[in-house]
Number of protein chains: 2
Amino acid sequence: MDENALFTKLVSFTTSVHRVTQELSLNAKADSITPIQYNILEYVTVSQSVTPSEISDCLHMSMPNTSRELRKLIEKGLIEKIGDLGDRRKHYIRLSNEGETMMKEAFATIEYRFQARIQNASKEDLKEIDRALEILQTKLFY
Amino acid sequence: MDENALFTKLVSFTTSVHRVTQELSLNAKADSITPIQYNILEYVTVSQSVTPSEISDCLHMSMPNTSRELRKLIEKGLIEKIGDLGDRRKHYIRLSNEGETMMKEAFATIEYRFQARIQNASKEDLKEIDRALEILQTKLFY
DNA sequence: CCCTTTAGTTATCATTTGATAACTAAAGTT
DNA sequence: AACTTTAGTTATCAAATGATAACTAAAGGG
């Protein structure tokens, strides 16, 4: 196995992934939030109950900027902040009902486009895709 | 095959891909260029000889903004603009020698981290990864 | 030749994002 | 009790990005 060739393949692969995910999510998010705010909502949706510090770490943004964007999302009524009972410095962020509705809509749009993209795939193709996703997820993109 | 489950898997997969590529390319780019300028250089590197319109389309940015960023990259000596001989409205963008050097360095950093990431993978693992990349590239992220 | 389309530019403005300093308050440590 | 660390906030500034209007110049079509 030529590892350099594998790297080249990876570069073109990740480029494709970025392009396709961008196409799938184009205009899926409400106009009332910025791209970064959407990223935060997406992260909160997937991870459920995270602290501002975790958001800061995982999305590679500074605490002050994280704090600002979380405040804006709270002002927009999309998330809620709950204090930790044990450690009163800590807070947990979770989606509000409104936030959940918004994210469900966004995901529905994206899923619709995804289904359109794989509508011509055979059952065997889908199985192969499923297996390939699993392999890469565990062995490369862990 | 449950297509909804497949979608969920896709969401978590693309999130991972984004996170890992971000980790691999963290600080790989020179400080003298902005993230968007890096994206343009990456696109030019991979595609070779593209027009401003293509860059505008593929990177989802408006022509005026594309034009501005290309001008900045030319001022920094990283790309060159060559007029089309037949159609004098068209131009082709390509990396300058300096731009190639910069991108080679960036890619070397990224590749080094990539090799570190797969150093524990067996030959069979690498074969599987290679095959999985191919399947997804052709059947999902085309 | 006139009209329309294509390719790209320049200028300008608003918004978003990034970075830093200075701060509060709670928790942990000695 | 004093000190340090952790978690988070507020304020402020600079830079990057996005959006729009108005423009030039060449190509294509009738």
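Chain A is the first sequence line, chain B the second, and so forth, proteins listed ahead of strands; every chain is numbered from 1. When reading the values below, keep in mind they use all heavy atoms of this one structure, side chains included, and skip hydrogens, waters and symmetry mates.
- In this structure, a donor-acceptor pair under 3.5 Å is absent between the side chains of Lys9(B) and Gln137(A).
- Rounded to an integer number of Å, the gap from Arg71(B) CZ to dA16(D) P is 13 Å.
- Taking atom CG of Asn39(A) as the reference point, atom C1' of dT17(C) lies 12 Å away to the nearest angstrom.
- Relative orientation of the Phe7(A) and Phe114(B) rings is tilted, given thresholds of 30° and 60° on the angle between their planes.
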Q.
Protein within reach of the bases, or only the backbone? For nucleotides 17-30 of chain D, mark each nucleotide 5' to 3' as B, S or -, using heavy atoms under 4.0 Å.
A. BBBBB----BS---
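- Leu70(A) places its CG atom 11 Å from the C1' atom of dT9(D), with the value rounded to the nearest Å.
- Spacing between atom CG of Asp31(A) and atom P of dT16(C) amounts to 11 Å, rounded to whole angstrom units.
- Taking atom CD1 of residue Ile74(B) and atom C1' of nucleotide dG8(C), one finds them 12 Å apart after rounding to whole Å.
- Looking at Lys139(A) and Glu124(B), no side-chain N of the basic residue comes within less than 4.0 Å of a carboxylate O on the acidic one, giving no salt bridge.
- For Asn65(B), the side-chain contact (heavy atoms from CB on, under 4.5 Å) partners at least two apart in sequence or on another chain are Met61(B), Ser62(B), Arg68(B).
- In this structure, Arg131(B) places its CZ atom where only 12 or fewer heavy-atom neighbours from other residues, nucleotides or ligands lie under 6.0 Å away.
- The distance from atom CE of Met63(A) to atom P of dT17(C) is 18 Å, rounded to the nearest whole Å.
- No continuous path of hydrophobic side-chain contacts links Leu136(A) to Ile135(B) [ILVMFWY only; heavy atoms under 4.5 Å].
- Rounding to whole angstrom units, NE2 of residue His91(B) and P of dT6(C) are separated by 18 Å.
- With no hydrogens or angles considered, no side-chain donor-acceptor pair links Gln119(A) and Gln115(A) at under 3.5 Å.
- Look at NZ on Lys90(A): it is 18 Å from C1' on dT9(D), rounded to the nearest Å.
- Taking the six-membered ring where tryptophan is involved, the planes of His18(A) and His18(B) are perpendicular, since the angle between them exceeds 60° and thus also 30°.
- Residues from residues 18-25 of chain A that place a heavy atom under 4.0 Å from any atom of DNA chain C: there are none.
- In plain terms, the two heavy atoms of Leu95(A) and Thr45(A) that are nearest each other are CD1-OG1, 3.5 Å.
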